[in-house]
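Inspection log for the structure reproduced underneath, given as structure tokens.
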There are 4 protein chains.
Amino acid sequence: MTDENSHRPAGRPRDPRIEAAAFAAVRELLATEGYAAVTMTAVADRAGTTKAALYRRWPSLPHLVHEAAFPDELALDFHLGATLHEDLAQMVRGTRDALSTPIAAAALGGLLPEFTRHPEIHAAVLERFAGVFTVLDERLQQAAAAGQVRSDARAQDLLRLVIGAVLVELLLGPAADGPDVPDGADEDWADRLAATLERGIRT
Amino acid sequence: MTDENSHRPAGRPRDPRIEAAAFAAVRELLATEGYAAVTMTAVADRAGTTKAALYRRWPSLPHLVHEAAFPDELALDFHLGATLHEDLAQMVRGTRDALSTPIAAAALGGLLPEFTRHPEIHAAVLERFAGVFTVLDERLQQAAAAGQVRSDARAQDLLRLVIGAVLVELLLGPAADGPDVPDGADEDWADRLAATLERGIRT
Amino acid sequence: MTDENSHRPAGRPRDPRIEAAAFAAVRELLATEGYAAVTMTAVADRAGTTKAALYRRWPSLPHLVHEAAFPDELALDFHLGATLHEDLAQMVRGTRDALSTPIAAAALGGLLPEFTRHPEIHAAVLERFAGVFTVLDERLQQAAAAGQVRSDARAQDLLRLVIGAVLVELLLGPAADGPDVPDGADEDWADRLAATLERGIRT
Amino acid sequence: MTDENSHRPAGRPRDPRIEAAAFAAVRELLATEGYAAVTMTAVADRAGTTKAALYRRWPSLPHLVHEAAFPDELALDFHLGATLHEDLAQMVRGTRDALSTPIAAAALGGLLPEFTRHPEIHAAVLERFAGVFTVLDERLQQAAAAGQVRSDARAQDLLRLVIGAVLVELLLGPAADGPDVPDGADEDWADRLAATLERGIRT
DNA sequence: CACTAATCGAGACGGTACGTCGCGTCTTGTG
DNA sequence: CACAAGACGCGACGTACCGTCTCGATTAGTG
């Protein structure tokens with residue numbers, strides 16, 4: 001009668017507050033204690049629930065951490081149309097900002113070794129950049145059509161260079177212990193990087 | 001009489017075979033089972049020794065893994081003097097080869113998140129690239145003197161771009177589970193990357 | 001509605017087979033290998049469970065050994081009413097038999113030194129003799145009323161003499177390694193001891 | 001040349017101060033920290049020497065503890081000849097005093113479980129009472145000759161009763177945690193025990 | 001209104017690794 | 001020889017987390 005096609009399953013419905021509480025708990029632990037302190041027991045305690053309720057929702061700890069730390073797609077608020085340099089710099093700064101929050105940085109570091117065991121998470125993390133890739137790809141084609149960039153410039157390569165540069169600053173940078181934006185990844189750095197990349201691909 | 005600051009320490013000397021056996025055990029485990037299987041217990045068992053003997057030598061598992069996976073400096077066999085493009089491509093390929101052996105790749109994934117807790121390891125890993133940095137720095141100064149590259153081109157930035165690009169291929173690349181060089185990091189990729197970088201810094 | 005102070009505790013109930021298996025493992029180890037072989041690890045292995053399950057039930061090894069070796073009160077099947085000598089001899093033989101089984105003897109040797117650290121075990125072991133003390137106390141009062149024993153004869157003193165005598169035979173006796181009743185603690189010994197004690201307290 | 005018949009062994013002679021320092025260290029540890037704290041490492045450290053030097057002198061820790069805690073025979077300063085009751089009371093008090101020093105009590109508790117593994121120590125501990133046994137035996141024979149005690153009174157039985165009574169007070173007594181003489185083993189207790197025993201054996 | 005079914009909390013379960021400690025032995029260089 | 005120093009293999013310690021399980025008690029929809 002009432003269902004469209006997803007007739008609600010029988011039994012007691014899940015308490016929606018548990019999802020929110022779990023995410024909040026994971027983020028607090030990531031930000032204040034680091035990835036090592038994010039255990040199922042700790043999350044359950046801090047969220048005021050139990051491990052069983054968490055395992056009902058996420059198949060393993062990395063899945064939970066991933067959803068908690070990267071809740072939605074990397075939605076960069078692009079205002080394209082300015083110079084190519086500025087568009088690239090926007091992308092660099094957006095990627096940097098998305099990955100260098102204490103929560104994201106801590107989660108990323110902890111999730112890296114789990115990629116081997118959980119390819120879905122690996123894929124899901126990459127998926128965050130799909131939107132950015134699309135935007136970048138279109139921008140490059142437009143610029144290529146305008147004769148601004150070389151026809152062999154690939155969004156894939158460029159995006160990976162940006163992500164790699166941010167990762168290096170994050171994981172290898174001299175101030176990787178700092179809370180937010182690492183010292184090395186300031187506005188000057190973003191500008192230098194964008195300039196280098198722009199020169200690297202322009203005609 | 002005897003050399004006083006190189007006098008061997010008192011007591012029974014450490015059995016040098018244990019170091020070697022531990023390194024071998026770590027490398028085997030990394031290559032065949034992945035970082036998650038590299039535990040102190042597993043290493044001690046496979047090396048035919050005990051946890052206590054390992055803790056006597058390394059304060060923690062990451063220290064041991066680091067020494068086992070990156071035993072000595074990244075000694076790139078540079079044959080400089082050719083074109084700047086070729087020199088950069090050499091650096092890209094060398095970095096890729098050094099980091100994408102199964103052992104190094106597996107170790108990197110596990111080691112990166114530990115950098116927060118163990119700054120010494122962080123510093124030690126970076127130290128591997130010190131030689132490369134020096135070579136690259138000199139090459140850039142020479143090229144700048146010859147008017148080939150912009151005066152604001154920095155070896156630091158360039159090297160980080162290369163390392164970042166390799167890391168992304170390794171850790172985030174779609175074929176990161178493969179054995180040796182990831183699919184995406186082939187010779188074409190190295191050439192494209194070197195070309196982009198060269199254009200990015202040249203006058 | 002339901003009985004409120006006997007409501008079973010929340011959570012998964014403990015597996016009762018683990019208690020039984022642990023007791024059996026302790027007894028086997030005590031009987032075949034001695035107290036030194038009774039370790040948490042060995043008990044867990046032999047009982048087919050884990051150390052954590054044991055620590056959930058008993059705070060320390062001595063607690064577990066105590067419960068395994070002295071499961072219930074020393075229920076001597078007294079048939080009083082015969083001569084005082086015979087009643088004392090019964091008590092001597094009962095105490096001897098209870099303490100000189102291979103399991104009890106092995107446990108006692110290991111448990112005694114722990115009394116300092118674990119007063120609860122100390123008290124619990126003494127509690128085993130509470131029933132004997134009560135019976136003996138009543139018998140002495142009855143005998144005192146009949147003018148058979150001195151009015152200052154104390155069950156406490158007498159019982160301790162008996163326990164002490166048995167302990168000495170067990171722990172210091174020349175055949176303490178034997179399986180069951182030590183050589184020195186035979187029927188003659190019990191009779192001599194009972195006779196000496198009876199003369200010691202009678203009017 | 002110089003030897004009589006016990007030619008001194010070749011090589012560097014043992015440092016006699018180590019024995020004394022080791023004994024002192026064991027006694028301090030027994031008195032202040034308990035048997036559990038008496039480890040070879042702790043003794044060596046406190047004695048200013050090394051484990052190897054200790055193992056050269058004693059085959060195992062219990063041997064060392066035994067020699068340190070019970071250095072010489074239980075030499076009771078008997079002044080016999082008074083009444084039999086007083087002589088027995090002397091024996092009771094002497095045994096009590098010898099076993100209830102903090103050092104002896106702690107050592108005895110710790111050594112008991114080792115008797116199984118080290119029968120020599122077991123025998124050696126018993127040997128401490130040999131002198132007392134001899135004295136007691138002669139005294140009983142003399143008393144028997146004077147018609148004071150029953151001819152079937154045995155020094156062996158009597159001594160064991162005394163030792164047992166002291167052990168029970170020590171190990172099972174309600175104040176076994178106290179430092180010196182347990183509360184229950186006061187002069188009244190000794191007198192009561194001696195009186196009971198005397199009545200038990202006299203004609 | 002019973003019935004069914006999935007949730008909730010609580011916490012025990014087997015398994016595995018942790019990092020430490022003590023044992024008794026050994027291997028050095030120095031008296 | 002003894003000595004100090006300290007590494008060695010062995011094995012136990014007590015704790016922690018994993019992911020699973022088994023309870024009784026809720027909390028909905030369904031017959």
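A, B, ... follow the sequence lines: proteins, then strands. Residue 1 opens every chain.
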Could you walk me through whether D:L64 and D:M40 pass the side chain to side chain contact (heavy atoms under 4.5 Å, CB included) test, one step at a time? CA-CA 9 Å; D:L64 165 56; D:M40 276 302 203; 4.2 Å; yes
If only side-chain N and O atoms of D:T39 are considered, is one of them under 4.0 Å from the OP1 or OP2 phosphate oxygen of E:dC21? no
In whole angstrom, give the distance that lies between atom CD of A:E19 and atom P of E:dT7. 11 Å
Quick one: label D:P59 by what it contacts on the DNA or RNA (base, sugar-phosphate, nothing), any heavy atom closer than 4.0 Å. nothing
When rounded to whole Å, the CZ to C1' distance for the pair C:R46 and F:dA12 reads 17 Å
So, OP1 or OP2 of F:dG29: does either fall under 4.0 Å of a side-chain N or O from A:R12? no
Min side-chain heavy-atom separation D:Y35-D:L29 under 4.5 Å: no
Using atom CG of D:L54 as one end and atom P of E:dG22 as the other, report the distance to the nearest whole Å. 14 Å
Quick check for you: among F:dG9, E:dG9, F:dG19, whose closest atom lies nearest to any side-chain atom of A:Y55? F:dG19
DNA chain F nearest-nucleotide lookup for C:A10 and B:I18: closer to the 5′ end is B:I18
Return the nearest nucleotide to the side chain of C:P13; candidates are F:dC10, F:dC18, F:dC23. F:dC23
Check: B:V65 and B:W58 side chains under 4.5 Å, non-hydrogen atoms: no
When the distance from CG of C:L64 to P of F:dC13 is rounded to whole Å, what number comes out? 11 Å
Between E:dC26, E:dG11, F:dC8, which nucleotide gets closest to the side-chain atoms of D:A52? E:dC26
Select from C:A53 and D:V38 the residue whose nearest nucleotide in DNA chain E is closer to the 5' end of that strand. C:A53
Does A:K51 get its side chain close enough to the base of F:dG19, under 3.5 Å, for a donor-acceptor pair? yes
Matching residue for D:E19 among D:R14, D:R57, D:R56 - test: salt bridge (Lys or Arg N to Asp or Glu O under 4.0 Å): D:R57
Under the 3.5 angstrom rule, does the side chain of C:R117 hit a backbone N or O of D:A36 as a donor-acceptor pair? no
Taking only the side-chain nitrogens and oxygens of C:T50, find out if one of them lies under 4.0 Å from OP1 or OP2 of E:dG15. no
How would you label the contact of A:R57 with the nucleic acid (heavy atoms, under 4.0 Å): base, sugar-phosphate, or nothing? sugar-phosphate
Is any side-chain nitrogen or oxygen of D:R56 closer than 4.0 Å to OP1 or OP2 of F:dC3? yes
Kindly assign one of parallel, tilted or perpendicular to the pair D:H63 and D:H118, based on the angle between their ring planes and the thresholds 30° and 60°. perpendicular
Measure the distance from CE on C:M40 to C1' on E:dC21 and round it to the nearest whole Å. 17 Å
Separation of A:E114 atom CD from F:dG19 atom P, in whole Å? 9 Å
Give A:R14 one of three labels, base, sugar-phosphate or nothing, depending on what nucleic acid heavy atoms sit under 4.0 Å from its own. sugar-phosphate
For atom CG of C:D15 and atom P of E:dG11, their distance in whole Å: 18 Å
Does F:dA4 have OP1 or OP2 sitting under 4.0 Å from an N or O in the side chain of D:T49? yes
B:R17 CZ to E:dT27 P, straight-line distance once rounded to whole Å: 10 Å
Looking across every strand, which nucleic acid part, if any, lies under 4.0 Å from B:S60 by heavy atom: base, sugar-phosphate, or nothing? nothing
